[in-house]
Amino acid sequence: MRLSRYFLRTYKEAPRDAQTPSHILMHRAGMIQKLTSGIYNYLPLAWKTIKKIEAIIREELDRRDCQEVLMPAVQPSDLWEESGRWNYYGPELLRFKDRKNADYCLGPTHEEVITDMVRRNINSYKQLPVNLYQIQTKFRDEIRPRFGLMRGREFIMKDAYSFDTDDEESKKSYQKMYEAYTDIFTRCGLRFKAVDAATGAIGGDMSHEFQVLAETGEDEILSCSKCKYAANVEKAVTVRDIKKPADAGKCEVSEVHTPGAKTIDEITDFLKKSADHMIKTLIYLIDDEPVAVLVRGDLEANEAKVQSSLGASAVFPADEETVKNVTGAEVGFAGPLNLKEDIKILVDEQLYAYTDMVCGANKTDYHLTGIDPERDIKPFKVGDFTFAHPGEKCPHCEGTLESYRGIEVGQVFFLGDKYSKAMNCNYLDRNGKEKPIVMGCYGIGVGRTMAAAVEQNHDEYGIKWPAAIAPFEAVVLPLQSNKEEVMDLAEKFYSELQAAGIDTAIDDRKERAGFKMNDADLIGYPLQLIIGAKMIEQGLVEIKERSTGEKREVKIEDAVNEITSNLAKLKNQ
RNA sequence: CGGGAUGUAGCCUAGUGGCUAAGGCGCCUGCUUUGGGAGCAGGAGACCGAAGGUUCGAGUCCUUCUAUCCCGACCA
């Protein structure tokens with residue numbers, strides 16, 4: 001491509017509202033422009049990178065016998081009512097009506113549509129397994145879109161769905177996709193970790209996230225210093241040595257007047273006891289049912305663990321009115337004893353290492369002291385309902401967990417029969433018996449993958465694209481556009497590099513040398529072939545590798561071979 | 001949805017209630033220049049987010065609305 005004719009404008013300054021490197025640099029490099037909050041134009045340079053990422057995805061999936069389809073972005077509400085998600089998905093689902101007043105939504109994901117498609121076409125075990133995928137624009141009306149393409153409302157996603165006869169077969173499909181994802185992100189040139197993940201509202205009981213490591217990542221990952229264990233902080237578990245205290249059961253429960261002391265801080269001050277001796281009682285609405293979750297006062301409740309422990313679809317902190325109804329007191333005085341309503345109580349296991357604790361009395365301005373959790377609280381379930389922390393012990397070896405920031409670019413889920421049961425997606429087995437198809441689903445954020453690559457590969461001058469997904473693999477930079485011998489040689493290299501199968505741009509704009517070099521660094525072509533008048537006289541040109549900044553002089557006749565082999569090396573890194 | 005901030009040309013910014021809204025980048029014309037975002041001269045481009053209000057006079061003060069961003073809550 002000739003830059004003189006290319007639809008491209010670069011900027012020296014970042015737009016005021018851009019904060020993160022990927023957003024700033026992709027905007028400055030003329031790749032993306034915001035149309036409105038969380039919604040972007042992809043300009044030619046960005047679209048080239050998107051298409052390269054998509055090509056890698058297609059190759060890796062197609063060779064594993066996945067089949068590409070395309071489903072509609074507009075989906076009718078009845079499918080969502082059938083799966084039960086029309087009511088559960090919340091305002092993130094953009095809903096609208098057509099002229100006949102029928103309900104529709106813009107698809108944030110396609111489990112409903114694909115399940116419907118498969119049940120209409122698959123009847124027999126002979127047709128399984130099958131894996132279908134699409135690359136398509138999704139819409140989620142995020143409360144707070146941010147960081148450019150990192151969290152947009154409209155975004156390009158690859159979503160794949162596997163259909164198998166039973167759990168065992170489905171887990172093979174899952175494993176196959178896990179391997180495909182590993183190959184895809186490796187080929188994209190990204191440094192990433194596959195981590196254990198919570199399943200959230202999509203359901204199912206096994207999931208991994210593919211996290212690109214970058215300081216600006218929104219997710220926290222805990223990873224073992226010795227073994228391969230890695231998990232999202234929501235999911236991570238550690239080995240905890242919980243010993244029953246020697247004086248357990250000796251304390252006596254008594255009620256104390258604690259006027260106005262609602263928060264853990266206020267109570268620790270008031271009673272002169274440390275926060276780890278407090279029992280924090282949180283009332284949640286879990287699938288519309290109030291539930292109390294008890295954790296130590298100095299710890300946070302982990303809603304993802306609560307959700308998966310109960311197999312629930314939705315976990316929300318209860319509203320003030322519900323809390324008052326359940327406890328019979330103002331917010332701030334909830335406790336596990338004498339609740340007004342008989343609700344499920346989840347107890348975090350770490351409470352059992354303590355005795356003589358403090359909790360709310362379910363009576364405004366009163367707390368209870370002398371609580372022994374094991375003796376006094378009747379749990380519905382005891383388990384791990386808090387977060388793991390860096391420095392704690394790995395559940396699989398002697399190592400300790402370390403913290404990283406990550407950008408989630410892909411996630412794989414084992415779904416089981418959650419959707420196939422709800423939507424009657426069945427097959428007949430060998431014995432003529434009807435069974436639900438076992439599903440898995442697999443997503444990759446394509447635009448987010450591009451943004452993550454920039455987050456991970458940039459410097460103060462611009463982007464350093466991994467060669468496999470760079471918009472162009474190389475650029476020819478004639479430094480003196482007024483000198484015929486420079487331009488002629490540049491043109492010659494341009495055609496030779498293209499003939500060698502290299503995706504090449506030529507900066508034939510009538511600009512000065514510094515301007516072109518700065519633009520090249522900003523846009524981040526992996527290799528620059530720099531052609532200067534003085535070097536030509538010595539029979540030399542220069543090759544600059546963007547990722548290392550290394551420049552080296554080569555003979556004119558060797559340049560094409562040098563570029564070819566250098567590029568091959570970059571792609572194999 | 002709570003807290004905070006900001007809307008002035010395509011982009012970045014300046015602008016005590018007072019003349020025709022200023023500068024840089026970018027854009028157009030000409031000359032000059034060509035190894036790290038050149039120089040000179042000329043030019044185009046703004047109903048100052050919107051609507052009300054206060055005032056002799058509003059980009060500036062007040063009210064409402066709206067948009068965008070940040071923190072939080074939320075999030076396959």
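For Glu218(A) and Arg448(A), the salt-bridge test fails: no basic side-chain N is under 4.0 Å from an acidic carboxylate O.
A50(B) and G36(B) have their C1' atoms separated by 45 Å, given to the nearest Å. Comparing C56(B) with G17(B), their C1' atoms are spaced 12 Å from each other, to the whole Å.
In terms of the side chain to side chain donor-acceptor pair (under 3.5 Å) criterion, residue partners of Arg546(A) (sequence neighbours excluded) are, by chain and number, Asp459(A). With sequence neighbours left out, Lys305(A) forms a side chain to side chain donor-acceptor pair (under 3.5 Å) with Asp384(A). In this structure, Asp167(A) has no salt bridge (charged side-chain N to carboxylate O under 4.0 Å, His left out) partners at least two apart in sequence or on a different chain. Listed by chain and residue number, Gln75(A) satisfy the side chain to side chain donor-acceptor pair (under 3.5 Å) test with Trp80(A) (two or more places apart in sequence, or in another chain). Residues meeting the side chain to side chain donor-acceptor pair (under 3.5 Å) test with Asp519(A), sequence neighbours left out: Thr10(A), Arg509(A).
Consecutive pairing runs in RNA chain B reach the stem threshold at B:1-7 with B:66-72, B:10-13 with B:22-25, B:27-31 with B:39-43, B:49-53 with B:61-65, where a stem means at least three Watson-Crick or G-U wobble pairs with distances under 3.5 Å.
Arg153(A) comes within contact range of no nucleotide atom at all, as no heavy-atom separation falls under 4.0 Å. Among the atoms of the strands shown, only primed sugar atoms or phosphate atoms (P, OP1, OP2) are found under 4.0 Å from some heavy atom of Glu303(A). Backbone-only contact: Phe147(A) has heavy atoms under 4.0 Å from sugar-phosphate atoms and none from a base.
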Show me the protein contacts with nucleotides 11-13 of chain B, counting only N or O atoms at under 3.5 Å.
from   : atom 1 : to       : atom 2 : distance (Å)
C12(B) : OP1    : Arg16(A) : N      : 2.7
C12(B) : O4'    : Glu13(A) : OE1    : 3.4
C12(B) : O2'    : Glu13(A) : OE2    : 3.1

Find every protein N or O atom lying less than 3.5 Å from an N or O atom of nucleotides 31-35 of chain B, and list the pairs.
from   : atom 1 : to        : atom 2 : distance (Å)
U33(B) : O2'    : Arg512(A) : NH1    : 3.3
U33(B) : O2     : Arg512(A) : NH1    : 2.9
U34(B) : O4     : Asn482(A) : ND2    : 3.4
G35(B) : OP2    : Gln480(A) : NE2    : 3.4
G35(B) : N1     : Glu542(A) : OE1    : 2.8
G35(B) : N2     : Glu542(A) : OE1    : 2.6
G35(B) : N2     : Lys551(A) : NZ     : 3.3

Between the protein and nucleotides 48-51 of chain B, which nitrogen or oxygen pairs are less than 3.5 angstrom apart?
none

Considering only distance and modelled atom types, tabulate donor-acceptor pairs under 3.5 Å from the side chains of residues 534-545 of chain A, sequence neighbours left out.
from      : atom 1 : to        : atom 2 : distance (Å)
Lys544(A) : NZ     : Asp521(A) : OD1    : 3.1
Lys544(A) : NZ     : Asp521(A) : OD2    : 3.2

Which atom pairs, one a donor and one an acceptor, fall under 3.5 Å between side chains of residues 547-555 of chain A and the rest of the protein, sequence neighbours left out?
from      : atom 1 : to        : atom 2 : distance (Å)
Thr548(A) : OG1    : Glu550(A) : N      : 3.1
Arg552(A) : NH2    : Glu562(A) : OE1    : 2.6

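Contact check, Arg144(A) against C71(B): a side-chain N or O comes under 4.0 Å of OP1 or OP2.
Proximity of residues 31-39 of chain A to RNA chain B (heavy atom under 4.0 angstrom from any strand atom) is restricted to Lys34(A), Thr36(A), Ser37(A).
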